[in-house]
Amino acid sequence: ILGGRTSRPGRWPWQCSLQSEPSGHICGCVLIAKRWVLTVAHCFEGRENPAVWKVVFGINNLDHPSVFMQTRMVKTIILHPRYNRAVVDYDISIVELNADINETSYVRPVCLPSREQRVEPDTYCYITGWGHMGNKMPFKLQEGEVRIISLEHCQAYFDMKTITTRMLCAGYESGTVDSCMGDSGGPLVCEQPAGRWTLFGLTSWGSVCFSKVLGPGVYSNVSHFIEWIERQIYIHTFLL
Amino acid sequence: CTSTSCPDICTHSSPCDMNNSQANCSQCEPITLELCMNLPYNYTNYPNYLGHRTQKEASISWESSLFPALVQTNCYKYLMFFACTILVPKCNPQTNQRIPPCRALCEQSKERCESILGIVGLQWPEDTDCSQFPEENLDNHICLTPDEDVEECSPSHFKCRSGRCVLASRRCDGQADCEDDSDEENCGCKERGLWECPSSKLCIKHAMICDGFPDCPGGMDETNCSFCRKDEITCANHDCVPRKCWCDGQIDCADKSDEWNCVSMSENKSSLMFLMVHRSAIKYHVCADEWEENLSYLACKQMGLGGPPVTEMVPEYKQPHHEKWMNLQSEWERKNTSTLQALLVTGLPCRSRSMVSLLCTKEDCGRRPAARMSKR
């Protein structure tokens, strides 16, 4: 995260880290149910074998495992069948864990939006992750507040890419607060009434975040995929 | 290394060692960079001439924004060809080596377009020193020069009549982006080789019709896709399966859609929510005979809800206009199945004359622990 701040442990209990040896943390991910995690499809490019991945929950400092940490292996990776690597469209995937997580105050699922629920432009939401900070990779989870930007406005920043309805833009023209390499797959959450946090985006792509080219970040629009997510979880739980 | 995998042949060495040149282990790979998909070659080799190690890195680089923007100024007919030869260099499949652009192409591009960049205060990419590229062409074997008919605009761009390239999504958007307005001409879907969504002006690719994913407003591209008989029901992928197979616990549609949404709750009447099962696309109440609490858990879980559920057996007289019954089949405990609908059968009498009513809870989500108070 660029322009963010270090997060307090346990503040984002749905944030998880998708890890693979020998590199360790590769992408962010989001806990949506005891056995299910969302992330983006591009995290698995060239590494689609579930056996090489593990998912770490309840962690704040990647370098210091905490007593609240839980680790699960990956049982299944479900990539969106329309994921297009060349244009980074339909960038979403579902991960089935090998065992349920134990729900604690440090490991809890986030709410998913309903099919019709959209986040309005100019809403302020939060992004989190262990991605690049512009000058270094952090050990501690970072958080940043970003503003939702309309698709039309967002398209103006990306002359060379088509912003589709499967995407959601958030950030600032100046790029002051933005997601960056290593944040991919992590959450963009907005607070809803009664203090519930709902997942509206997954960090997907943007301009080179620490270069001269600035602009908002582009997130996978979770509302667009709700039906697909529900179907896949149902199929893998009851029909396979 | 955190975002890409290394080719297998390099696994004997540390894949993230920066001193280990990837040039030694890279192989020809298909071009996926959207900007450069119209080149007279299909394979590339990395790192490229701008120092990007992967196509993904190239796709989000400053240069991949710069060159297409510059093409729009019409400064040089072959600028985009040159840009692509350095962004996704041609790969020789025999040697797995890159083939660079010829020096003359580089020099011409720089000479004609660099000054335009200067006007807006930008610099020509530093890594494009033309002297690094060979002069000799030898039939495009040593270095590349463009053919006369090379396409200037990438497939994701529209070429204005003036020659300028504008983003394809801006074509026919009601606003002129070409100086000659040519991007707003011939805007019918048909003229553009696309399909027009009924009752909206949206155009989609023909391959998107009846593919199981709704793309038009109201999912109009997914209607009238199958012609099933009266005794059949349409799967989500538009296959037809016999009506009696719907929600029978066996998968009949290839996409498994005949076993989706088989369990639901009736509408809330007098605060009681009756468990319903949709066998053969007909709604059935569930008879309370032999009902057990673990079945209530299963029903709630199938509806995406949590527990512990509250189960009630409601006598039939309290719900006078009830639907048909379904009963648990005999020895259902021995059946190895994961869905409720597979355990139920029709046509049996309901001895208790009672229906199952359920109250499931929604799994808790989205709550953060309260911040701990500390005295100051």
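Labels below follow one simple rule: chain letters A, B, ... track the order of the sequence lines, proteins then strands, and each chain is numbered from 1.
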Between Asp255(B), Leu298(B), Thr337(B), Asn261(B), who has the most heavy-atom pairs with chain A when the cutoff is under 4.5 Å?
Asn261(B)
Quick check for you: among Gln302(B), Lys256(B), Gln55(B), Glu363(B), which has the greatest number of heavy-atom pairs under 4.5 Å with chain A?
Gln302(B)
Please identify each residue that fulfils ring pair (Phe, Tyr, Trp, His ring centres under 6.0 Å) with Trp12(A), with sequence neighbours left out.
Tyr126(A), Trp197(A)
With sequence neighbours excluded, what pairs up with Arg118(A) under the side chain to side chain donor-acceptor pair (under 3.5 Å) test?
none
Testing the basics here: between Thr164(A) and Leu151(A), what is the closest heavy-atom pair and its distance to 0.1 Å?
O-CD1, 3.7 Å
Let me know if Thr198(A) has heavy atoms under 4.5 Å from chain B in its side chain, its backbone, both or neither.
neither
Counting only non-hydrogen atoms closer than 4.5 Å, does Ile235(A) touch chain B with its backbone (N, CA, C, O), its side chain (CB onward), both, or neither?
side chain
Please flag which part of Asp364(B) lies under 4.5 Å from any non-hydrogen atom of chain A: side chain, backbone, both or neither.
both
Pick one of side chain, backbone, both or neither for Gln341(B), based on which atoms fall under 4.5 Å of a heavy atom in chain A.
side chain
Is it the side chain or the backbone of Arg11(A) that comes within 4.5 Å of chain B heavy atoms, both, or neither?
both
Tell me, side chain or backbone of Ala33(A) under 4.5 Å from chain B's heavy atoms, or both, or neither?
neither
Proximal component of Leu31(A), with respect to chain B [non-hydrogen, under 4.5 Å]:
neither
Counting heavy-atom pairs under 4.5 Å to chain A, which of Arg367(B), Glu259(B), Lys362(B) comes out on top?
Arg367(B)
NZ of Lys335(B): more than 12 outside heavy atoms within 6.0 angstrom?
yes
Pair His80(A) and Phe213(B), ring centroids less than 6.0 Å apart
yes
Could you give the distance from NE2 (His153(A)) to SG (Cys169(A)), rounded to the nearest 0.5 Å?
9.5 Å
Do Cys203(B) and Cys197(B) have their SG atoms less than 2.5 Å apart?
no
Please confirm whether Arg53(B) makes a cation-pi placement over Tyr46(B), using NZ or CZ under 6.0 Å from the six-membered ring centre and within 45° of the ring normal.
no
Looking at residues at least two apart in the chain, or sitting in another chain, which of them share a side chain to side chain donor-acceptor pair (under 3.5 Å) with Tyr43(B)?
none
Heavy-atom contact with chain B under 4.5 Å, split by part of Phe44(A)
neither
Which residues in residues 222-230 of chain A have any heavy atom lying under 4.5 Å from a heavy atom of chain B?
none
Contact origin within Pro109(A) toward chain B - heavy atom pairs under 4.5 Å
both
Side chain proximity check, Ser220(A) to Arg166(A), heavy atoms < 4.5 angstrom:
no
With a 4.5 angstrom heavy-atom cut-off, is it the side chain or the backbone of Asp215(B) that approaches chain A, or both, or neither?
side chain
Given a strict heavy-atom distance threshold of 4.5 Å, which part of Phe238(A) is in contact with chain B: side chain, backbone, both, or neither?
both
Would Asp91(A) and Ser204(A) count as having a side-chain donor-acceptor pair, cut-off 3.5 Å?
yes
Could you look at Leu33(B) and say if it's the side chain, the backbone, both or neither that has a heavy atom under 4.5 Å from chain A?
neither
Taking all non-hydrogen atoms of both residues, which atom of Glu103(A) and which atom of Lys34(A) are closest, and how far apart?
OE1-NZ, 4.1 Å
Take atom NZ in Lys159(B); do more than 12 heavy atoms of anything else shown fall under 6.0 Å from it?
yes
